[in-house]
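Whatever order the structure lists ligands and atoms in, that order sets their numbers, starting from 1. The first residue in the sequence is number 1, and the count goes up from there.
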Amino acid sequence: MSLLTRRRLLRRAAASATAAGAARAGLAGAVAAGIAASSATVAGCDDTPEAAPDSADSPHGPLRFPSGFGWGAATSAYQIEGAAKEDGRGESVWDTFSHTPGRTRNGDTGDIAADHYHRYAADLDIMRNLGLSSYRFSISWPRIQADGSGKPNQRGLDFYRRLVDGLHERGIAPMATLFHWDLPQALQDAGGWENRDTAERFGEYAEVMFRALGDQVPVWLTINEPKTVVQNGYIWGHHAPGRQDPAAAYLVAHHLQLAHGLAVRALRASGQQGRIGPALNLHPCYPADDTPEAAAATRLYDGYENRLYLDSVLKGAYPADVLADLGPDSRMVRGVRDGDLAVISSPVDLLAVQYYTPIYVTGQGDTVRKWPTSEAEWQQIYPEGMYDILTRVTRDYGRIPLTVTENGLPCPDRLAADGTVDDAARIDFLRDHFAAAHRAIRDGVPLESYHVWSLLDNFEWAEGYEQRWGLVYVDYPTQRRVLKRSAHWYRTVIRDNGL
Ligand code: FCB
């Protein structure tokens, strides 16, 4: 691995440690609570009162999205389900990690989370109440195969069947992610994503799911944010499995992508009609200044952040600059076998884009901040980045259908004495990002739907329950759900199909 890469990775590890510290100190950046507004309690499946008018009139003028545009929200299994030991669920790497002292804020775990496993029917009613047309959720692999292989657990399959049926009953299209980081611990014990066999096991698990739900799920997403597993899980070590081993990290990147390709092939082989694609967190990268050094460093940075995951799937080759930077003797380069890239680039039907933040790169390969950050210290608030990344994907990779599967903001949400949650900053954030997406569509981007992260407040990985990302507030001691002001606002966006 080149000097630049090694230095960059070390600096970033240090920067992220600082970021965690800053977040702990409660620095909310530009996110400030606004004026009192309306939101209402949703007790189970009760209906909610009408939203009071809010101050979020669109400064973007009336914007209408194409007819049939999908409006959704996203969640993931470990972050909301709870019921960690029920109905034959096995352990995942996130159970192990979160139960290891010092790994998550306040020692929080996903044992109970938002208790969605038991409350899914009421949560489905909330989705209907908001008017969602699409719901993106993930399937917990260890609920289906406790040890990551072999005969599926019928009770696990039944849960997702109930969920999917419940979505159809309410006119909401299911979008299922096969892997959102909760690898069965038994597979981790056998080497995890460093072990090529894990990709094969994933292909088999995907096949199980296609057989079980293929007739009811129109869109499948394979791996959620492989890059986050690579960086957070294997370079910085603050996500499961908590490793700090850059050489292993990029081999993991390859195996995750191989797993993606095997799942795509399994869907085609199953004869099911559903569409499938990867879910990638893409970061528009910009030079921090006008120097040629910053331009060059940004180019390589973009390779690690974006092209490593896009070129492989959509062009059938890893980017040459990244491979050269890793070096021919790297574990990753040595781990790529003949035919792997053909599997990885098996034609997909759509690309799921997750956008949260831009990255600014100096000539030394460091990152700097240019915009206010959110409670998640890594997130700079820059709506224009949404436009840039969507148009860039279309420009560089052709007119593959796109869906935004994550975009959102953590806010210091508080349940007020009158029972409301005022998250004006989230409304501003979403409105500006929706407008950027609208502009991208107008400029020719085939974007078909948009999923806000997240439907519910949930277990935000190493940050535990402190960061609240939901449209719906979860009062964890009671598990009561309260629509935040942004949820009421989002309902009007959906109703009007625009701003
Ligand atoms: C994304 C993850 C999602 C959530 C949001 C805030 O990277 O996919 O689970 O943690 O960030």
Side-chain angles (χ1 to χ4, degrees), residues 16 19-20 23 29 31 72-81 92-94 97-98 103-105 108-110 113-114 116 135-141 175-183 221-236 238-240 256 260 277-283 305-306 309 351-359 373-381 385-386 389 403-413 423 425-426 429-430 433 450-472 474 486:
S16 67
V31 180
T75 61
S76 90
Y78 190 72
Q79 292 179 276
I80 63 166
E81 285 180 0
S92 80
V93 292
W94 269 96
F97 190 78
S98 64
R103 290 302 207 173
T104 64
R105 175 133 345 155
D108 289 344
T109 74
H116 171 76
Y135 173 53
R136 177 195 177 217
F137 61 97
S138 85
I139 294 163
S140 158
W141 186 351
M175 183 182 277
T177 307
L178 289 163
F179 179 73
H180 201 124
W181 306 347
D182 43 359
L183 185 73
L221 303 175
T222 53
I223 308 272
N224 180 72
E225 299 189 353
K227 183 173 68 188
T228 307
V229 177
V230 171
Q231 295 183 347
N232 294 28
Y234 280 86
I235 295 177
W236 306 328
H238 54 233
H239 275 193
L256 283 163
H260 155 83
L280 303 180
N281 53 329
L282 300 177
H283 290 90
E305 293 290 333
N306 302 314
Y309 307 92
L351 173 68
V353 175
Q354 318 200 149
Y355 169 70
Y356 286 99
T357 189
I359 294 179
T373 54
S374 76
E375 273 198 335
E377 192 71 2
W378 50 266
Q379 182 183 31
Q380 297 177 64
I381 299 171
M386 174 68 90
I389 202 66
T403 168
V404 170
T405 41
E406 287 188 28
N407 173 243
L409 182 79
C411 293
D413 300 324
D423 57 345
R426 182 172 287 110
F429 176 96
L430 290 174
H433 284 75
Y450 200 122
H451 301 77
V452 172
W453 183 270
S454 178
L455 177 71
L456 303 170
D457 289 339
N458 58 52
F459 174 78
E460 175 51 22
W461 310 113
E463 300 302 325
Y465 294 98
E466 215 161 277
Q467 281 180 11
R468 291 181 175 271
W469 290 79
L471 294 162
V472 177
V474 176
S486 61

Return a yes/no value for W378: is any of its N or O atoms, backbone included, closer than 3.5 angstrom to an N or O of ligand 1?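 No.
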Give yes if a backbone or side-chain nitrogen or oxygen of T228 is under 3.5 Å from a nitrogen or oxygen of ligand 1, and no if not.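 No; the residue has no nitrogen or oxygen that sits under 3.5 Å from a nitrogen or oxygen of the ligand.
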Name the closest protein heavy atom to [atom], giving the residue it belongs to and the distance to 0.1 Å.
atom: atom 7 (O) of ligand 1; result: E225 OE1, 2.6 Å
atom: atom 3 (C) of ligand 1; result: E406 OE1, 3.4 Å
atom: atom 10 (O) of ligand 1; result: E460 OE1, 2.7 Å
atom: atom 5 (C) of ligand 1; result: Y356 OH, 3.3 Å

Which ligand 1 atoms are under 4.0 Å away from a heavy-atom of [X]?
X: Q79; value: 3 (C), 4 (C), 9 (O), 10 (O)
X: W453; value: 3 (C), 4 (C), 5 (C), 6 (C), 9 (O)
X: W461; value: 3 (C), 4 (C), 9 (O), 10 (O)

Do the side chains of Y309 and P226 get nearer than 4.5 Å, heavy atoms only?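 Yes. Closest side-chain heavy atoms under 4.5 Å.
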Would you check if I381 and F429 make a side-chain contact, meaning some heavy-atom pair closer than 4.5 Å?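 The answer is yes, as the side chains (C-beta and beyond) meet within the 4.5 Å cut-off.
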Heavy atoms only: give me the nearest S98-Y78 pair and the separation to one decimal.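 Heavy atoms of S98 and Y78 come nearest at OG-OH, 3.0 Å.
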How close do M175 and H451 get, heavy atom to heavy atom, and via which atoms?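 Distance-wise, the nearest heavy atoms are CE-CE1, 3.5 Å.
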Any salt bridge linking R105 with E460? Criterion: basic side-chain nitrogen under 4.0 Å from a carboxylate oxygen.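 Salt bridge flag = no for E460 with R105.
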Residues R468, D423: salt bridge by 4.0 Å N-O rule: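 No salt bridge links R468 with D423.
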Counting only heavy atoms closer than 4.0 Å, does ligand 1 sit against the backbone of N224, its side chain, both, or neither?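 The part of N224 near ligand 1 is the side chain, not the backbone.
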Ring-plane angle category for W141 and F179, please: parallel below 30°, perpendicular beyond 60°, tilted otherwise.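 Perpendicular: the ring planes of W141 and F179 meet at over 60°.
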May I ask you to decide if the ring planes of W94 and W461 are parallel, tilted or perpendicular, using 30° and 60° as cut-offs?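 Ring orientation of W94 relative to W461: tilted.
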Yes or no: does H180 have any heavy atom under 4.0 Å from an atom of ligand 1?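 Within the 4.0 Å threshold, so yes.
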